[in-house]
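Reading through the structure tokens given below for one structure.
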Amino acid sequence: MSIQNRYDFVLLFDVKDGNPNGDPDAGNLPRVDAETGRGLVTDVSLKRKVRNYVGIVKAEQPPFEIYVKEKAILNKQHERAYVAEGISLAGEDGKRKGGGQENVDKARRWMCGNFYDVRTFGAVMSTGVNCGQVRGPVQLTFARSVDPIVAQEHSITRMAVATEAEAAKQEGDNRTMGRKHTVPYGLYVSHGFVSSHLAAQTGFSEDDLELLWASLANMFEHDRSAARGEMSTRGVYVFKHDSQLGNAHAHSLFARVQPKLKDGVTVPRDFSDYSVSVDESNLPSGVTLNKIVG
């Protein structure tokens with residue numbers, strides 16, 4: 001059974017001496033708002049980490065397979081839906097087609113039932129073998145740092161080369177120079193939304209919801225790399241509405257969670273340099289607050 005309540009949530013996470021989300025069009029520099037200097041992390045990056053966590057925890061077994069993953073061929077997954085539903089992949093001209101709307105709907109339901117990220121985040125599956133489109137019940141915003149960040153560039157050296165030609169050119173010195181970009185410290189805030197109406201269309205259940213909260217709380221623990229430095233979830237604050245439509249505007253609930261630099265701190269370098277105030281007084285009728293982390 002799909003979820004019966006609307007949820008809005010605030011995600012806090014930080015990075016220390018790492019690159020939380022490099023921009024490939026800017027030499028992999030940390031993403032930044034050019035006007036304010038505040039750091040950015042895309043929603044796509046955060047969803048990737050949720051997918052990776054679910055893939056580890058559930059061993060990518062149905063109904064928790066991952067649709068969008070490294071080296072995936074998406075049309076192959078679409079074909080699985082057609083085979084599972086006993087739908088022919090060939091049209092009258094012998095070419096692969098998606099079939100009529102009834103067949104597309106069957107394939108779409110199979111994809112939602114089999115893949116966690118499809119029924120959670122949605123997907124466009126109308127390429128090649130047509131499985132339709134899914135609008136996911138869970139949506140995330142870009143994460144934005146509380147204060148401006150400074151992207152630092154570091155020279156690094158590898159004591160090896162790739163080819164004999166490079167070694168000969170360096171007369172045996174065998175060094176390769178490179179660059180590494182880091183954010184000394186940044187505390188980021190992202191907002192999220194869970195729609196019960198869209199959940200009814202994809203079959204997003206209470207078990208799926210609990211897995212989402214666990215993913216947000218633990219996703220950085222299983223995504224360590226030298227490039228990303230130290231990243232940690234610092235807060236997951238969930239506002240649950242008693243109804244499907246909701247009992248308050250999301251922006252008014254988000255405003256109740258306020259991370260702020262402590263007095264006297266001019267250059268933050270640790271989470272302890274911040275205080276996070278959470279206004280739990282006089283919550284709107286029909287809204288409850290659950291601190292998953294924080």
Side-chain angles (χ1 to χ4, degrees), residues 6-54 66-69 117-118 120-124 134-152 181-195 198 212-213 215-220 223 225 227-239 246 249-261 268 271 274 276 278 292-294:
R6 192 186 108 188
Y7 296 85
D8 301 302
F9 62 91
V10 178
L11 169 67
L12 298 183
F13 64 91
D14 63 358
V15 60
K16 181 183 290 186
D17 296 327
N19 186 349
N21 185 205
D23 185 348
D25 287 332
N28 207 44
L29 282 165
R31 297 177 191 269
V32 66
D33 181 334
E35 292 184 315
T36 66
R38 295 189 175 187
L40 299 173
V41 173
T42 66
D43 60 310
V44 176
S45 174
L46 297 174
K47 290 175 182 178
R48 174 78 272 144
K49 289 169 175 51
V50 170
R51 287 182 170 103
N52 290 346
Y53 178 83
V54 172
I66 299 300
Y67 173 66
V68 179
K69 57 186 177 182
D117 56 337
V118 173
T120 302
F121 302 128
V124 176
V134 176
R135 186 178 174 192
V138 178
Q139 299 300 328
L140 287 160
T141 67
F142 272 36
R144 183 179 294 270
S145 66
V146 177
D147 292 293
I149 62 167
V150 176
Q152 297 185 347
H181 305 286
T182 64
V183 174
Y185 184 80
L187 178 62
Y188 291 75
V189 182
S190 175
H191 296 153
F193 315 86
V194 186
S195 165
L198 294 176
L212 173 67
W213 303 145
S215 299
L216 295 175
N218 298 293
M219 58 188 178
F220 296 115
D223 189 57
S225 79
R228 281 187 286 276
E230 292 183 67
M231 296 187 69
S232 304
T233 296
R234 295 297 187 172
V236 180
Y237 304 91
V238 180
F239 295 93
H249 290 119
H251 70 267
S252 67
L253 300 177
F254 295 152
R256 290 174 172 268
V257 181
Q258 292 291 334
K260 184 180 179 181
L261 201 61
F271 183 63
Y274 284 87
V276 181
V278 182
I292 307 295
V293 178

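What you see below is based on every heavy atom in this structure, not just the backbone, and it leaves out hydrogens, waters and symmetry mates.
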statement: For S215 and Y53, the nearest pair of non-hydrogen atoms, with its separation, is OG-CD2, 3.1 Å
message: Would the distance check show the side chain of R48 and the main-chain N or O of V68 forming a donor-acceptor pair, the cut-off being under 3.5 Å?
response: yes
- prompt: If you take all heavy atoms of P184 and V150, which pair is closest and at what distance?
  reply: CD-O, 3.0 Å
field: Criterion side chain to side chain contact (heavy atoms under 4.5 Å, CB included) on T141 and F193, from CA distance to verdict
entry: CA-CA 9 Å; T141 67; F193 315 86; 3.8 Å; yes
message: Less than 4.0 angstrom from a charged side-chain N to a carboxylate O is my criterion; do D223 and R228 meet it?
response: yes
query: Can we say K16 and D14 salt-bridge, meaning some charged N sits less than 4.0 Å from an Asp/Glu carboxylate O?
result: no
Atom of V257, atom of V276 and distance for their closest heavy-atom approach: CG1-CG1, 4.2 Å
task: Can you label the angle between the H191 ring and the F254 ring as parallel, tilted or perpendicular, going by 30° and 60°?
output: parallel
statement: Nearest heavy-atom approach of I149 to G39 is CD1-CA, 3.5 Å
- prompt: Do I66 and V54 touch side chain to side chain, with heavy atoms closer than 4.5 Å?
  reply: yes
- prompt: What heavy-atom pair brings K47 and L140 nearest, and what distance separates the two atoms?
  reply: CG-CD1, 4.1 Å
- prompt: Do Y188 and F142 have ring centres separated by under 6.0 Å?
  reply: no
- prompt: Is there a donor-acceptor pair closer than 3.5 Å between any side-chain N or O of T36 and the backbone N or O of R38?
  reply: yes
statement: Here the gap from D17 atom CG to E230 atom CD, rounded to the nearest 0.5 Å, amounts to 7.5 Å
message: Determine whether V50 and F121 satisfy the following criterion, side chain to side chain contact (heavy atoms under 4.5 Å, CB included), listing intermediate values before the conclusion.
response: CA-CA 10 Å; V50 170; F121 302 128; 3.9 Å; yes
statement: Note: H249 and R6 closest approach over all heavy atoms is C-NH2, 4.2 Å
message: How long is the straight-line distance from CG of L187 back to CG of D147, given to the nearest 0.5 Å?
response: 8.5 Å
task: Let me see the working for Q258 and K260 under side chain to side chain contact (heavy atoms under 4.5 Å, CB included), right down to the final yes or no.
output: CA-CA 6 Å; Q258 292 291 334; K260 184 180 179 181; 5.8 Å; no
S190 side chain near L46 side chain, heavy-atom distance below 4.5 Å: yes
- prompt: Can you find a pair of side-chain heavy atoms, one from T120 and one from P137, that are under 4.5 Å apart?
  reply: no
query: With a 4.5 Å heavy-atom cut-off, do V10 and R256 have their side chains touching?
result: no
Separation of S195 OG from D8 CG (nearest 0.5 Å): 10.0 Å
- prompt: Ring centres of F220 and F13 under 6.0 Å apart?
  reply: yes
task: Start with the C-alpha gap between L12 and T233, add the side-chain angles, then the distance that decides, and say whether side chain to side chain contact (heavy atoms under 4.5 Å, CB included) holds.
output: CA-CA 6 Å; L12 298 183; T233 296; over 6 Å; no
statement: CG (D23) and OG1 (T42) are apart, to the nearest 0.5 Å, by 9.5 Å
field: Side chains of V146 and Y274 in contact at under 4.5 Å (non-hydrogen atoms)
entry: yes
message: Rounded to the nearest 0.5 Å, what separates atom OG in S145 from atom CZ in R31?
response: 14.0 Å
message: Check D117 with R51, please: is the shortest side-chain N to carboxylate O separation under 4.0 Å?
response: yes
task: Could you tell me whether the side chain of Y237 reaches within less than 4.5 Å of the side chain of V278, counting heavy atoms only?
output: yes
Distance, nearest 0.5 Å, that separates CZ of F9 from OH of Y7: 12.0 Å
